[in-house]
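Below is one structure, written out as structure tokens; the observations come after it.
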There are 2 protein chains.
Amino acid sequence: MPEPRKQQPTLELVAERAGVSRATVSRVVNGSDKVKADVVRAVEKAIAELNYVPNRAARSLAQGRTNSIALVIPESTAKFFADPYFASVIQGAAMYLSTTEFTLSLLIATESDPTKTSRYLRGGNVDGALILSHHADDSSYSELAGSLPLVFGGRPMSNENGNVFVVDVDNAAAARKATEAMLKTGRKHPVTISGPQNMGAAIDRQRGFEQAVHEAGLPAGPVAVGDFTPDSGESAMRELLASGAKIDSLFAASAQMAFGAMKVIADAGLMVPSDIAIATIDDDSFARNASPALTTVAQNAEEQGAKMAEVVVQRINGESVPERIIMPTKLILRGSHGV
Amino acid sequence: MPEPRKQQPTLELVAERAGVSRATVSRVVNGSDKVKADVVRAVEKAIAELNYVPNRAARSLAQGRTNSIALVIPESTAKFFADPYFASVIQGAAMYLSTTEFTLSLLIATESDPTKTSRYLRGGNVDGALILSHHADDSSYSELAGSLPLVFGGRPMSNENGNVFVVDVDNAAAARKATEAMLKTGRKHPVTISGPQNMGAAIDRQRGFEQAVHEAGLPAGPVAVGDFTPDSGESAMRELLASGAKIDSLFAASAQMAFGAMKVIADAGLMVPSDIAIATIDDDSFARNASPALTTVAQNAEEQGAKMAEVVVQRINGESVPERIIMPTKLILRGSHGV
DNA sequence: TTGAAAGCGCTAACAG
DNA sequence: CTGTTAGCGCTTTCAA
């Protein structure tokens with residue numbers, strides 16, 4: 001039995017009950033300050049009694065805005081959903097928006113039909129969108145930026161042809177901080193496990209590492225590439241160890257990879273930090289639960305998510321916002337970087 | 001400068017271009033089979049040329065359905081967002097819905113204003129809702145079940161007064177399986193770290209553990225309570241060790257807690273599994289990355305999320321669905337349960 | 001098989 | 001300060 005949809009009270013009903021016009025009810029609902037106080041009270045009473053809730057679709061249609069914001073996640077990224085970083089960004093955005101009139105719609109961008117997402121976005125179904133790209137070059141979205149307020153999480157690879165709003169962390173600086181802390185314990189043979197070479201964050205972190213190494217007057221050791229997952233950290237570390245290069249310190253571009261690498265290091269009979277010092281990025285459960293706990297650079301993903309949401313909302317409201325917002329990072333010294 | 005919203009082509013425009021009425025275009029868009037083939041072609045051509053996308057709000061208003069589904073997360077749960085289990089459920093639901101005409105709205109149920117969420121849900125803003133309750137008794141939502149198709153993830157504590165649709169795993173059976181595997185190695189002094197006592201899943205798992213222990217003719221050891229996080233696992237384990245009880249095996253109600261417990265066990269100079277065998281539930285990165293890797297019962301959270309979404313959609317479409325769907329679990333033997 | 005017309009529930013000028 | 005009057009873009013009888 002197709003449950004009959006319980007009929008919601010309409011604005012009209014409230015108007016009748018309060019003895020005013022629909023327009024007035026609408027004004028009260030929308031918090032206009034040009035309604036006499038006693039009328040406001042009467043209307044609010046009627047609203048409460050009828051348990052009235054405005055109809056979103058009707059409102060959207062009338063005002064030409066949807067009050068909803070999309071959070072776009074490329075399908076490839078969705079597979080990395082278990083990455084605490086993403087979960088936190090999403091959480092931050094959702095929490096922030098829950099304090100506004102906006103609703104968050106989760107959109108998985110299927111790779112089989114890439115136009116589906118952009119059609120949806122362009123179709124006036126949302127007022128703005130947050131693009132969370134783990135992977136690659138998202139030039140596909142850049143074009144959309146012309147027709148809709150878009151905010152990217154993390155620097156997209158595509159060249160910044162203006163109008164591209166980004167909330168990012170200073171990955172290079174973060175990597176430099178981590179590496180410096182590690183080298184300060186007198187290490188001479190640093191290596192790194194980098195991230196996917198088509199990701200801005202990965203490249204920036206690698207660059208930061210190399211800068212720190214260079215400034216310390218040390219030679220650049222071998223580089224292994226992972227994809228930010230623990231498994232990839234393991235194989236990268238195996239590769240590094242097999243390379244025969246002398247290694248006394250490791251900067252891993254993500255805590256998950258550092259975590260994976262540590263298992264390989266232990267299996268090889270080496271100790272952290274005495275044999276190999278480690279520093280990384282991300283203060284997640286992997287960093288905290290490793291033993292020794294990982295010296296890392298925290299990047300408050302939750303705040304980043306909240307900031308992204310805040311920025312779209314501001315852009316939707318026509319406020320001016322800087323195109324590039326850099327979130328602060330914090331070095332957290334724990335055991336893994338040595339003494 | 002408040003970017004002027006680029007005007008989308010309307011149905012009317014398509015109609016003009018195709019030389020038909022709006023009604024016909026609507027029929028084509030909605031896949032009616034009562035439109036002549038050549039007319040369909042003409043309309044589709046016009047749609048493509050204009051890059052027309054139907055307006056969601058208008059459609060909702062006209063048909064009285066929103067094509068969107070809410071995913072409700074209690075704020076308390078949101079804090080546990082980093083729990084890979086939740087992330088996976090959400091991912092599964094989002095992925096499934098991306099193949100349908102429905103959109104997923106993420107709703108954080110604020111505790112400061114609990115009515116906000118239920119008002120939103122009751123306000124006809126969504127066609128159905130998925131309730132993901134980590135915590136406690138959600139009787140608050142049970143009442144809503146009368147006015148909206150609701151599907152719960154995990155058995156809610158409230159008594160099942162019908163009309164409560166649930167997609168759950170057989171937690172008791174899962175716990176029993178894990179415990180049995182662990183006891184089979186000849187352990188005589190099992191203890192458990194349970195979850196929050198106001199959660200169905202936690203209670204069921206504890207019951208499953210107790211059954212297995214009882215069936216093995218063993219005495220029930222002490223029980224410590226955690227909240228499924230690694231940290232709580234640590235303190236629970238410390239408590240257990242401090243209790244002075246003889247312990248040679250541990251069933252932890254979540255891999256995260258098992259992971260935390262292992263650190264305490266190691267600190268106490270004990271070995272897993274020789275001194276203490278461990279079995280748990282959840283095949284997440286914690287289970288896989290512990291050393292030794294954890295013997296556990298996997299519960300495919302992603303599939304559970306997809307199933308939840310599937311069930312709401314079916315209920316929205318008026319199809320009949322069983323009230324209780326139990327997802328299968330799978331025992332995964334790894335090192336931690338002993339030999 | 002198609003078109004005309006009447007709304008869906010709300011907001012937004014424009015008067016008063 | 002409040003009511004009247006048009007729509008927003010689409011679906012949906014009802015006729016033709």
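Note on naming: letters A, B, ... go to the chains in the order of the sequence lines (proteins, then strands), and numbering restarts at 1 for each one.
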**OP:** Select base, sugar-phosphate, or nothing to describe what B:K36 touches, counting heavy atoms under 4.0 Å on all strands.
**Re:** sugar-phosphate
Original post:
Is any side-chain nitrogen or oxygen of B:T10 closer than 4.0 Å to OP1 or OP2 of D:dG9?
Top reply: no
**OP:** Could you walk me through whether B:R315 and B:N317 pass side chain to side chain donor-acceptor pair (under 3.5 Å), step by step?
**Re:** CA-CA 5 Å; B:R315 288 194 57 202; B:N317 293 333; over 6 Å; no
Original post:
Honestly, is B:R324 close enough over B:F165, meaning NZ or CZ under 6.0 Å from the six-membered ring centre and within 45° of the axis?
Top reply: no
**OP:** For the side chain of A:V39, starting at C-beta, report the closest nucleotide among D:dG9, C:dC10, D:dT2.
**Re:** D:dT2
Original post:
Does B:D33 or A:A57 map to a spot on DNA chain C nearer the 5' end, using the closest nucleotide for each?
Top reply: B:D33
**OP:** Grab the CZ-C1' distance between A:R59 and C:dC10 for me, whole Å please.
**Re:** 8 Å
Subject >> Rounded interatomic separation in angstrom, taking NZ from B:K34 and P from D:dT13 >> reply: 13 Å
Subject >> Nearest-nucleotide pick for A:S21, side chain only, options being D:dT4, C:dT11, C:dC8 >> reply: D:dT4
Original post:
What nucleotide, of D:dC8, D:dT4, C:dA6, holds the atom closest to the side chain of B:R22?
Top reply: C:dA6
Subject >> Any B:N30 side-chain nitrogen or oxygen under 4.0 Å from OP1 or OP2 of D:dT11 >> reply: yes
Subject >> Nearest-angstrom distance from the residue atom CD of B:Q63 to P of D:dG9 >> reply: 17 Å
Subject >> Close side-chain approach of B:R122 and B:L148, heavy atoms under 4.5 Å >> reply: no
Subject >> Among D:dT2, D:dT12, C:dG9, the one nearest B:A23 by side-chain distance >> reply: D:dT12
Original post:
Is any N or O donor-acceptor pair between the side chain of A:R27 and the base of D:dG3 shorter than 3.5 Å?
Top reply: yes
**OP:** In whole angstrom, give the distance that lies between atom CD of A:E12 and atom C1' of D:dG3.
**Re:** 13 Å
Subject >> A:Y85 and A:E302: CA distance, side-chain angles, deciding distance, side chain to side chain donor-acceptor pair (under 3.5 Å) verdict >> reply: CA-CA 8 Å; A:Y85 171 74; A:E302 219 171 301; over 6 Å; no
Original post:
Side-chain N or O of A:T24 less than 4.0 angstrom from OP1 or OP2 on D:dG3?
Top reply: yes
Original post:
B:N125 has an atom CG; how far is it from atom P of C:dC10, in whole Å?
Top reply: 11 Å
**OP:** Identify the residue among A:N51, A:L50, A:V43 that makes a side-chain contact (heavy atoms from CB on, under 4.5 Å) with A:I47.
**Re:** A:V43
**OP:** Ignoring the backbone of A:P54, work out which of C:dT1, D:dT2, C:dC10 is nearest its side chain.
**Re:** C:dC10
Subject >> Spacing of A:R65 atom CZ relative to C:dA12 atom C1', expressed in whole Å >> reply: 15 Å
Original post:
With sugar-phosphate meaning primed atoms plus P, OP1 and OP2, does A:V29 contact a base, only sugar-phosphate, or nothing at under 4.0 Å between heavy atoms?
Top reply: nothing
